[in-house]
Amino acid sequence: MRPILMKGHERPLTFLKYNRDGDLLFSCAKDHTPTVWFADNGERLGTYRGHNGAVWCCDVSRDSMRLITGSADQTAKLWNVQTGAQLFSFNFDSPARAVDFSVGDKLAVITTDPFMELPSAIHVKRISGDPTEQTGESVLIIKGPQGRINRAVWGPLNKTIISGGEDAVVRIWDSETGKLLKESDKEIGHKKTITSLSKSADGSHFLTGSLDRSAKLWDTRSLTLIKTYVTERPVNAVAMSPLLDHVVLGGGQDASAVTTTDHRAGKFEAKFFDKILQEEIGGVKGHFGPINALAFNPDGRSFSSGGEDGYVRLHHFDSDYFNIKI
Amino acid sequence: MALDKTGLAPNKVRWGELDEDDGEDLDFLLPPRQVIGPDENKIKKVIEYKFNDDGNKVKITTTTRVRKLASSQLSKRAVERRSWPKFGDAVHEDVGARLTMVSTEEILLERPRAPGTKAEESKVAGDSLAQLGKGGAVLMVCRTCGKKGDHWTSRCPYKDLAQPTETFVDKPPASEAAPGAGGATKGAYVPPSLRPGAERPGGSEMRRRNEENSVRVTNLSEDTREPDLLELFRTFGPVSRVYVAIDQKTGMSRGFGFVNFVNKEDAERAINKLNGYGYDNLILRVEWATPRAN
């Protein structure tokens with residue numbers, strides 16, 4: 001395959017997200033402008049200008065009309081996907097990290113970093129259909145975990161919120177009461193910061209990637225550990241194929257160590273694993289820095305990766321990918 | 001979309017020349033352009049007729065393989081989005097900005113091992129650390145029973161049978177001490193020289209074997225692995241060891257290796273034959289590993 005290289009960002013990529021139809025790809029980077037691309041040919045459709053800090057995460061509504069972004073400028077913003085106009089800004093007292101729309105797009109979960117003696121928190125906001133009626137009030141604020149919460153996503157039927165972060169523990173919270181329902185066992189769970197979390201297409205299980213050089217597959221309801229994928233570098237990004245039983249792990253050595261070692265030793269490939277056999281299928285090379293973001297097109301026929309090098313690489317699979325046998 | 005264009009014209013016609021023909025107003029004399037396909041093999045044929053420089057009629061058949069880069073059934077909404085006007089920084093995009101480029105490099109899903117090979121082999125090839133630890137001994141030759149490629153010496157099923165004879169003949173005291181030590185640290189690593197049954201002569205023999213009939217192969221391509229080298233040198237005679245130097249940091253080949261032959265004559269023949277041999281787009285240099293006295 002010949003990947004399409006998209007060089008719209010001037011700083012390392014942080015997050016990638018496809019819309020539900022799989023025709024748009026949203027990219028967030030440490031520069032301040034999230035960007036939307038056509039996912040088939042990589043053409044830039046537009047940028048969302050207004051943030052004043054690194055953008056860490058984004059999510060797009062099911063109808064592809066709203067975009068929410070979380071940024072280090074202590075805001076999370078709602079955007080009109082089509083025009084790039086800012087609809088609303090949620091202001092916080094600390095940098096916003098993860099954002100996720102609930103099923104139905106009526107609610108959004110936003111996590112904030114620990115900052116100036118403020119602990120990290122998970123905020124649930126109501127998203128009104130009419131942007132003029134939008135308010136910044138939190139429906140629920142969950143506090144408790146130590147350190148950053150790098151990802152928070154909604155569980156089945158919006159009943160739970162799943163979070164993971166610097167304390168390496170995966171937690172499931174009740175989204176109504178904010179009560180902690182389950183947390184991953186210290187023994188079997190991750191040993192270092194959880195950097196990424198990605199739900200399966202049907203939401204029945206999810207994958208977490210960690211700096212402890214592994215990714216783990218969990219059951220969404222019972223939080224039982226299903227599989228572990230071990231690799232030789234810190235995992236910054238994970239994605240699951242909606243089509244095949246494949247998982248992709250992206251990572252690489254620390255960005256600070258990149259210039260001091262041979263680039264071939266960096267292991268900047270996106271590694272494909274068989275989801276069930278936990279066996280490595282292959283690697284896709286190309287980035288000049290660690291991979292920070294991975295996303296699968298909802299049709300499972302292409303995936304994109306975003307690197308510390310500022311590039312988004314969009315890969316349309318060759319037909320032989322679909323016939324890979326281990 | 002067009003991947004490979006092959007002009008199958010009887011006379012070689014370049015597109016540059018074709019343009020010049022347009023000036024002559026004889027085109028109406030030619031049969032019309034014909035397009036056949038794409039058929040089930042995604043082969044499309046375009047038949048055109050032109051006049052060449054000498055005024056001769058030339059039939060040009062262009063065979064093209066059509067490949068869809070991305071097949072997708074777009075929803076109505078997605079089609080609508082396709083026509084959305086650009087916004088933000090994308091509105092006034094420089095033509096020369098080239099934000100989106102197709103990689104010039106063909107990227108493949110690199111398999112950790114060739115499809116179809118056994119899992120056991122994959123461990124050998126994939127785990128560079130294990131490879132280093134083994135000192136490049138890819139050929140499994142059991143020192144106890146002499147079987148090749150079946151098991152390691154330590155795993156020899158005939159080990160128990162072979163031991164007593166050797167120990168009794170050579171060094172009875174050692175055989176008494178060693179089993180005791182072996183019993184205390186069962187499963188722990190015991191150097192081959194300390195193992196019951198392995199005598200000092202065996203160790204020195206091994207060292208000698210490494211030196212004897214050793215051929216150094218340099219200017220190897222990066223992709224060359226030990227099995228490849230074995231494949232290449234096996235034709236000259238029995239090979240006892242193949243080793244390709246691997247960079248510890250990168251796990252890549254450093255471009256040289258060693259091959260040990262059982263017979264010196266075979267090694268000599270290999271050197272004569274393969275020195276200067278083109279292998280994987282590089283020219284091999286094959287020589288004796290150690291400077292020979294004779």
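Since the model is a prediction, treat every value here as computed from it, not as a measurement. Every chain is numbered from 1, with letters handed out A, B, ... down the list of sequences.
Residue A:Arg49 touches chain B through its side chain alone, counting heavy-atom pairs closer than 4.5 Å. With a threshold of 4.5 angstrom between heavy atoms, A:Leu24 approaches chain B through side-chain atoms but not through N, CA, C or O. Using a 4.5 Å cut-off between heavy atoms, A:Asn297 makes no contact with chain B at all. For A:Val36, the part lying near chain B is the side chain, with the backbone staying farther off; criterion is any non-hydrogen pair under 4.5 Å. For A:Thr83, the part lying near chain B is the backbone, with the side chain staying farther off; criterion is any non-hydrogen pair under 4.5 Å.
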Worksheet entry | Intermediate values then yes/no, side-chain contact (heavy atoms from CB on, under 4.5 Å), B:Glu287 and B:Asn275 | CA-CA 7 Å; B:Glu287 60 205 341; B:Asn275 194 17; 5.8 Å; no
Item to complete: Verify side-chain contact (heavy atoms from CB on, under 4.5 Å) between B:Phe258 and B:Arg241, making sure each step is shown before the conclusion.
Response: CA-CA 8 Å; B:Phe258 295 93; B:Arg241 187 185 80 122; 3.7 Å; yes
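What you find for A:His9 and A:Thr35 is that their closest heavy atoms are CE1-OG1, 3.3 Å.
Heavy-atom proximity under 4.5 angstrom to chain B picks out A:Asp63, A:Ser64, A:Met65 from residues 60-69 of chain A.
Below 30°, between 30° and 60°, or above 60°: for A:Phe303 and A:Phe317 the angle between ring planes is below 30°, a parallel geometry.
Here A:Phe26 and A:Phe15 keep their ring centres 6.0 angstrom or further from each other.
Shown here are the side-chain hydrogen bond (donor to acceptor under 3.5 Å, both in side chains) partners of A:Tyr321, two or more places apart in sequence or in another chain: A:His246.
In this structure, A:Phe296 places its CZ atom where more than 12 heavy-atom neighbours from other residues, nucleotides or ligands lie under 6.0 Å away.
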